[in-house]
Q: 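Shown below is the structure under consideration.
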Amino acid sequence: MSTGTLPSRSRAEIEQPTLRTDRYWVAPLLTFVIFLAFIAYATFRAFQNEYYYASPYISPFYSPCISTNCTPMPGAGEVHFIGPWWGLSPALLILIFPLGFRMTCYYYRKAYYRAFWQSPPACAVAEPHGKYTGETRFPLLLQNSHRYFFAAASVFNIFLTWDAVLGFRNSAGQWGHMGLGTLVLVANAGLLWAYTASCHSCRHIMGGRLKHFSKHPVRYKAWTIVSKLNTRHMQLAWASLFGVALTDLYVWLVSSGVFSDPKFF
């Protein structure tokens, strides 16, 4: 029988932070460890400022190289907007854009909110914070810039795709050759495009603000394709993250002489 009162919006009075009995903490813990490892590796490589070019391969951490203090790399993504006054690593000029795209990504927000801030640690688990303000205050207000970082990431994907095309040359700049590094760069570009296309912002661009799909068959077809990718957004986010790190590692090892790039033809 109804009592005529509204249900309480407060949390049930239980002592435990959750009634879940599964290992819900494993996923955020793994996320924390992997993110921390990637941050440490990417930071080291960005400040290392060497071993990022092994003709014809360039690390995605340094492409496009937009400062004049870049290692000479004929034909490989050199667009010198920044003059000799820049004395730090050229990677610091460009990593902010792919980093911003991932940091504002809807899936990554969920992942690192849970892993680093425990907000919340998992579904049906109380968070340790006393209040919740959402993304209405600085710096979380910057999460609304995701659509702009999406556009910037798309531009960078074009450069990385061109780098993969250049991988079909040999060290002398002659076309019609392929090594293991070529496949690495092609796979990296493909994963980055798949991750970018699966983004919620991309899905909205394809089909958002349309009242009648029947009147826009091309956009509807694009929306359906992107929607299928969107269901795998989490998997593509992780695969592309590992892909960009492994691609940089491969170029680093080849450039530093740890091993030679195997050639197929």
Side-chain angles (χ1 to χ4, degrees), residues 30-31 33-67 69-80 82 86 88-103 105 108 111-112 149 152-171 178-196 235-263:
L30 287 175
T31 301
V33 172
I34 295 173
F35 276 177
L36 204 61
F38 179 83
I39 292 170
Y41 174 80
T43 302
F44 168 75
R45 284 291 289 145
F47 282 95
Q48 188 183 26
N49 196 18
E50 60 180 345
Y51 303 129
Y52 55 84
Y53 182 66
S55 183
Y57 312 129
I58 179 174
S59 164
F61 285 3
Y62 287 81
S63 180
C65 209
I66 62 175
S67 62
N69 64 342
C70 297
T71 296
M73 49 185 87
E78 289 187 284
V79 185
H80 296 157
I82 308 300
W86 180 260
L88 300 177
S89 169
L92 301 177
L93 295 169
I94 62 171
L95 284 181
I96 185 62
F97 296 101
L99 175 64
F101 179 54
R102 290 185 185 269
M103 288 290 290
C105 165
Y108 277 121
Y112 68 75
F149 280 115
S154 300
V155 173
F156 277 85
N157 285 351
I158 294 174
F159 282 100
L160 295 178
T161 301
W162 177 242
D163 293 338
V165 172
L166 294 178
F168 287 92
R169 305 180 306 168
N170 60 15
S171 58
M178 185 173 73
L180 179 58
T182 309
L183 299 181
V184 172
L185 265 65
V186 168
N188 179 59
L191 286 172
L192 288 174
W193 275 117
Y195 166 59
T196 306
Q235 294 86 343
L236 291 170
W238 283 111
S240 62
L241 185 73
F242 281 106
V244 72
L246 291 175
T247 301
D248 173 80
L249 177 62
Y250 186 87
V251 175
W252 178 14
L253 295 177
V254 173
S255 178
S256 61
V258 174
F259 64 83
S260 299
D261 178 53
K263 300 296 183 182

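Nothing here was measured: the structure is a model prediction, and the numbers come from that model.
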Q: Ala54 and Val251: which non-hydrogen atoms are nearest, and at how many Å?
A: N-CG1, 4.2 Å
Q: Roughly how far, to the nearest 0.5 Å, is CG of Leu183 from CG of Asn188?
A: 12.5 Å
Q: Do Val184 and Leu246 make a side-chain contact, defined as non-hydrogen atoms from C-beta onward lying under 4.5 Å apart?
A: no
Q: Could you check whether any side-chain N or O of Tyr57 sits under 3.5 Å from a backbone N or O of Tyr52, counting only pairs where one atom can act as donor and the other as acceptor?
A: no
Q: With rounding to the nearest 0.5 Å, note down the distance linking CD1 in Ile82 to OG in Ser67.
A: 7.5 Å
Q: Compare every heavy atom of Ile96 with every heavy atom of Leu93, then report the nearest pair and how far apart it is.
A: O-CG2, 4.0 Å
Q: How far does CE of Met178 sit from CZ of Arg169, to the nearest 0.5 angstrom?
A: 16.0 Å
Q: Is it the case that the ring center of Trp252 lies less than 6.0 angstrom away from the ring center of Phe61?
A: no
Q: Which pair of non-hydrogen atoms, one from Glu50 and one from Arg45, has the smallest distance, and what is that distance?
A: O-NH1, 3.0 Å
Q: Residues two or more places apart in sequence or in another chain: which of them pass side chain to side chain contact (heavy atoms under 4.5 Å, CB included) with Ser240?
A: Arg102, Leu191, Leu192, Tyr195
Q: Is there side-chain contact between Leu241 and Tyr108, with at least one heavy-atom pair below 4.5 Å?
A: yes
Q: Measuring from Cys70:SG to Asn49:CG, what's the distance to the nearest 0.5 Å?
A: 8.5 Å
Q: Is there side-chain contact between Pro64 and Phe156, with at least one heavy-atom pair below 4.5 Å?
A: yes
Q: Suppose we screen for ring-ring contact (aromatic ring centres under 6.0 Å, His included). Which residues come up paired with Phe47, at least two apart in sequence or across chains?
A: none
Q: To the closest 0.5 Å, what do you measure between OG (Ser260) and CG (Leu180)?
A: 12.0 Å
Q: Is there a side-chain contact between Val186 and Phe168 in this structure, where contact means two heavy atoms from C-beta onward sitting under 4.5 Å apart?
A: yes
Q: Are a donor atom and an acceptor atom from the side chains of Tyr250 and Asp261 found within less than 3.5 Å of each other?
A: yes
Q: Return the minimal non-hydrogen interatomic distance between Tyr62 and Ala46, and the atom names on each side.
A: OH-O, 3.3 Å
Q: CG/Leu95 to OG/Ser89 distance, rounded to the nearest 0.5 angstrom?
A: 7.5 Å
Q: Looking at Asn69 and Leu88, would you say the former's side chain and the latter's main chain have a donor-acceptor pair under 3.5 Å?
A: yes
Q: Thr247 and Pro60: which non-hydrogen atoms are nearest, and at how many Å?
A: CG2-CD, 3.6 Å
Q: Do the side chains of Trp162 and Ile158 get nearer than 4.5 Å, heavy atoms only?
A: no
Q: Suppose we screen for side chain to side chain contact (heavy atoms under 4.5 Å, CB included). Which residues come up paired with Phe242, at least two apart in sequence or across chains?
A: Ile34, Trp238
Q: Please examine the side chains of Leu253 and Tyr51, heavy atoms only from C-beta on, and report whether any two atoms are closer than 4.5 Å.
A: no
Q: How would you list, by chain and number, every residue that makes a side chain to side chain contact (heavy atoms under 4.5 Å, CB included) with Leu99, sequence neighbours excluded?
A: Met103
Q: Can Phe97 and Val155 be said to form a side chain to side chain contact (heavy atoms under 4.5 Å, CB included), step by step?
A: CA-CA 10 Å; Phe97 296 101; Val155 173; over 6 Å; no
Q: In chain order, what residues pass the side-chain hydrogen bond (donor to acceptor under 3.5 Å, both in side chains) check against Trp193, with sequence neighbours excluded?
A: Thr161
Q: Restricting to side chain to side chain contact (heavy atoms under 4.5 Å, CB included), what partner residues turn up for Ala194, sequence neighbours left out?
A: Leu236
